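Both counts, for ligands and for their atoms, begin at 1 and track the order of listing. This is a predicted model, so every value here is computed, not measured.
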Amino acid sequence: MATLVGAGRVTAGSGGVGRVEVGAVELRRIRFALRHPLRSAHGEEVTRDLVLVRVELDDGTSGWGECSALTRPTYTNEYTAGCWAILRDELAPALLAGREDDVVGHPMATAAVDGAHSDARLRRRDRSLVAELGLGHGRPVDAVAATAVIGRTDDIDELLATVAARVEEGAALVKLKVSPRPAELDAVAAVRATWPDLATAVDANGSLDRRSLAILDTMGLAYIEQPAPAADLVGSAGFASRLATPVALDESVTSTAAFRAADALGAGRIVNVKPARLGGVVEAAEVARTAADAGWGVFVGAMLESGVGRATALAVAALSWCTIPCDLGPSARYLDDDVTEPIVADGAGLVVVPTGPGIGVTPRPERLEALTTDQLLLRR
Ligand code: MG
């Protein structure tokens with residue numbers, strides 16, 4: 001796996017900045033209520049239950065990472081309790097022992113522990129993640145345009161009110177979660193009729209069929225995300241060849257290699273890059289670069305993160321390859337009081353990329369305590 005200079009998953013020798021031992025790894029399972037439940041083709045999220053990881057270096061510097069898996073394995077095969085176990089039993093002990101883990105899969109758990117380790121090492125150097133990722137690739141932007149992702153509904157009045165609120169807040173693009181149900185397709189059509197000039201996309205989480213796609217293809221959408229199941233790249237290529245609307249891939253792209261297969265098959269034209277799903281920011285940036293070089297549109301997706309995961313993902317969204325609005329809205333859109341200082345939008349509705357040391361935000365101790373449902377401290 002690629003590593004950031006001075007911030008990789010194995011401390012010894014990487015980046016040529018000298019060995020810094022990891023003294024402790026802390027796991028925190030936190031739970032918070034979402035302001036608006038998010039209903040998608042794979043279920044409904046009402047509360048968020050995720051794992052934060054703190055890595056403490058021997059010099060006392062700490063860094064934070066987030067495991068963004070959902071409570072149940074409905075979106076990917078990772079889920080919160082399983083990630084807790086793999087972090088406790090495999091990934092944290094390997095990091096404490098200074099050896100590379102030999103775990104197969106588990107990208108979201110891996111992204112959490114690598115992210116925390118990277119954050120600690122960057123903070124030790126007083127260096128920001130976004131500056132480190134941007135090395136050699138042009139200056140990352142200070143703030144990014146954001147898409148408002150809106151859950152499935154067939155209550156058209158409620159949907160129109162929600163879209164109106166997001167447009168008022170400055171959303172650059174509105175993305176509606178959909179399934180093939182006719183009432184939901186009618187709801188998408190109602191949004192298009194009400195705001196014909198508003199960039200609008202849909203995300204089907206692998207649920208669409210030819211009939212529903214033919215209907216959506218008449219609506220002038222910016223893109224149709226993940227129409228076919230994650231593993232069905234051939235099916236996605238078939239859809240992509242018949243549709244005028246660009247197909248975006250999310251769950252299908254689990255690595256740079258998976259992206260290359262999708263590109264070779266013509267399975268899409270836009271890729272949703274999620275650092276959590278890809279095992280961390282380094283692989284996410286590599287997919288973004290590879291996709292941009294291949295002529296694809298690129299955006300960074302979201303996992304209903306806390307401020308830790310949101311700030312981490314924003315560092316990728318700020319890179320020049322990410323040309324389509326990201327799904328990372330401000331904290332206040334998702335929860336009343338973030339675990340970190342809030343991620344905010346500027347006066348133009350752009351989401352401000354944190355530029356302080358490391359990921360640029362830190363959990364606030366009192367808020368972290370209030371949200372914690374389980375914790376574990378492992379020492380070397
Ligand atoms: Mg998606």
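- Atoms of the protein (N, O or S only) found under 2.8 Å from the Mg ion (ligand 1) are D203 OD2, E225 OE2, D250 OD2.
- Residues meeting the salt bridge (Lys or Arg N to Asp or Glu O under 4.0 Å) test with D337, sequence neighbours left out: R364, R367.
- The salt bridge (Lys or Arg N to Asp or Glu O under 4.0 Å) search around E158 returns none, not counting sequence neighbours.
- Under 4.0 Å is where a charged nitrogen must lie from a carboxylate oxygen, and between E132 and R125 at least one such pair does.
- Residues meeting the ring pair (Phe, Tyr, Trp, His ring centres under 6.0 Å) test with Y334, sequence neighbours left out: none.
- K175 and E225 are joined by a salt bridge, as a carboxylate oxygen and a charged side-chain nitrogen come within less than 4.0 angstrom of each other.
- One finds no salt bridge joining E44 and R39 here, because no Lys/Arg side-chain nitrogen approaches an Asp/Glu carboxylate oxygen to under 4.0 Å.
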